[in-house]
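Just so it is clear, the values below take in all heavy atoms, side chains as well, and ignore hydrogens, waters and symmetry mates.
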Amino acid sequence: MRSRGTLLTGGIYFATHSPVWNGGRALFDPDLPGTAAARAWLVTPQQFADIAAQEMYREPGEDLDLDEVLRTGRAAMGPGRYETLLYVGDVDGYPQLTFTADHGHRDVDPVPPSAPYLAMLVGGLQEAHGWSPEATADYLASRPGIGTWNAEAILAACIDDRSAP
């Protein structure tokens with residue numbers, strides 16, 4: 001499966017609580033200033049539907065109607081987290097879609113992410129963009145909702161996460 005780094009107009013912020021990661025989730029807000037570093041995966045519409053269903057806590061296997069999001073740029077699948085589909089441009093001639101919450105960063109309380117979640121994000125961003133650990137930590141430390149995490153603490157969390165059994 002092909003993937004590549006991509007930059008989206010908008011930004012990420014940390015909010016809501018993930019029971020899997022025991023901390024805040026990274027959510028995309030196209031209305032935040034700047035750019036959001038992301039990783040684009042080349043998947044089929046069926047694969048995208050399965051990934052979206054899993055993130056929406058639904059059973060995978062049903063196709064998504066992507067007509068509305070491709071036509072208008074946005075489609076609400078429900079009120080929960082990751083249930084708003086967004087068309088965010090094209091990559092290599094393919095439509096680039098993502099899913100996020102139906103609210104923006106100003107509409108919810110910030111929830112700082114956990115150390116394991118930050119370590120996963122750092123690893124993914126480094127692979128996708130070729131960034132140094134320091135540049136990746138600086139990027140994440142500047143996101144809304146990060147709480148008391150600074151770049152140095154994020155780097156330390158990544159080292160601690162790699163040494164865990």
Side-chain angles (χ1 to χ4, degrees), residues 3-43 45 47-58 64-115 117-131 135-151 153-154:
S3 73
R4 61 167 281 189
T6 188
L7 297 173
L8 310 178
T9 300
I12 64 163
Y13 64 101
F14 295 97
T16 72
H17 184 268
S18 167
V20 173
W21 294 102
N22 196 26
R25 296 178 175 101
L27 299 165
F28 175 67
D29 184 344
D31 295 328
L32 274 169
T35 56
R39 187 173 196 165
W41 294 90
L42 181 59
V43 297
Q47 289 170 318
F48 180 78
D50 283 351
I51 295 164
Q54 291 172 48
E55 291 296 332
M56 294 176 192
Y57 296 136
R58 299 177 185 183
L64 283 176
D65 181 356
L66 301 176
D67 289 342
E68 181 180 354
V69 69
L70 291 172
R71 188 179 70 255
T72 68
R74 184 181 197 95
M77 307 303 292
R81 56 128 188 111
Y82 296 142
E83 293 197 23
T84 298
L85 304 180
L86 299 175
Y87 166 70
V88 291
D90 291 330
V91 171
D92 298 334
Y94 295 99
Q96 187 171 221
L97 302 175
T98 191
F99 38 83
T100 192
D102 63 342
H103 50 73
H105 75 285
R106 288 190 174 95
D107 302 323
V108 293
D109 292 330
V111 178
S114 66
Y117 189 58
L118 282 171
M120 183 272 303
L121 291 174
V122 167
L125 289 171
Q126 282 182 261
E127 273 185 31
H129 292 273
W131 292 351
T136 308
D138 285 342
Y139 168 77
L140 290 171
S142 70
R143 305 295 94 191
I146 196 69
T148 59
W149 288 102
N150 61 28
I154 292 169

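- Smallest separation of non-hydrogen atoms from A128 and A38: CB-O, 4.4 Å.
- Between L27 and H103, the closest side-chain pair of non-hydrogen atoms falls below 4.5 Å.
- Residues that satisfy the side-chain hydrogen bond (donor to acceptor under 3.5 Å, both in side chains) test with S114, not counting sequence neighbours, are absent from this structure.
- Rounded to the nearest 0.5 Å, atoms CZ (R25) and OH (Y82) are 6.0 Å apart.
- Heavy-atom minimum distance, A26 versus Y117: N-OH, 3.0 Å.
- Summarising the geometry, atom OG1 belonging to T84 is positioned 4.5 Å from atom CG belonging to D102; distances are rounded to the nearest 0.5 Å.
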Practice problem: Dump the intermediate steps for side chain to side chain contact (heavy atoms under 4.5 Å, CB included) on L70 and L97, then the final yes or no. | Solution: CA-CA 9 Å; L70 291 172; L97 302 175; 3.9 Å; yes
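- Annotation: side-chain hydrogen bond (donor to acceptor under 3.5 Å, both in side chains) contacts of E127 (sequence neighbours excluded): R39.
- The shortest side-chain heavy-atom distance between T100 and E83 does not fall under the 4.5 Å cut-off.
- Between A36 and G11, the closest heavy-atom pair is CB-CA, 3.7 Å.
- In terms of the side-chain hydrogen bond (donor to acceptor under 3.5 Å, both in side chains) criterion, E68 has no residue partners (sequence neighbours excluded).
- Looking only at side-chain heavy atoms (C-beta outward), L140 and V122 come within less than 4.5 Å of each other.
- Note that CZ of R58 is 8.0 Å distant from CG of L64, once rounded to the nearest 0.5 Å.
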Side-chain donor-acceptor contacts of residues 104-111 below 3.5 Å, not counting sequence neighbours, with atom names and distances?
unit_1: H105; atom_1: ND1; unit_2: D29; atom_2: OD2; d: 2.9
unit_1: D107; atom_1: OD2; unit_2: G104; atom_2: N; d: 2.9

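- Two residues are said to be in side-chain contact when any heavy atoms from C-beta on lie closer than 4.5 Å; M120 and W21 meet this criterion.
- Using a 4.5 Å heavy-atom threshold, the side chains of F28 and V88 count as touching.
- Closest non-hydrogen pair, A15 versus Y13, comes out as CB-CE1, 3.7 Å.
- Summarising the geometry, atom OG1 belonging to T9 is positioned 12.0 Å from atom CG belonging to L32; distances are rounded to the nearest 0.5 Å.
- Between F48 and L85, some side-chain heavy-atom pair lies under the 4.5 Å cut-off.
- Residues F14 and I12 meet the side-chain proximity criterion, which asks for heavy atoms closer than 4.5 Å.
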List the atom pairs, with distances to 0.1 Å, where a side-chain N or O of residues 142-149 and a protein N or O form a donor-acceptor pair under 3.5 Å, not counting sequence neighbours.
unit_1: S142; atom_1: OG; unit_2: Y139; atom_2: O; d: 2.7
unit_1: R143; atom_1: NE; unit_2: Y139; atom_2: O; d: 3.1
unit_1: W149; atom_1: NE1; unit_2: P113; atom_2: O; d: 2.9

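- I51 CD1 to F99 CZ: the interatomic distance, rounded to the nearest 0.5 Å, is 6.5 Å.
- Legend: residues meeting salt bridge (Lys or Arg N to Asp or Glu O under 4.0 Å) with R74, ordered by chain and number and at least two apart, are absent.
- In this structure the side chain of L42 never reaches within 4.5 angstrom of the side chain of D92, judged on heavy atoms.
- D90 places no side-chain N or O within 3.5 Å of a backbone atom of G93 that could act as its donor or acceptor partner.
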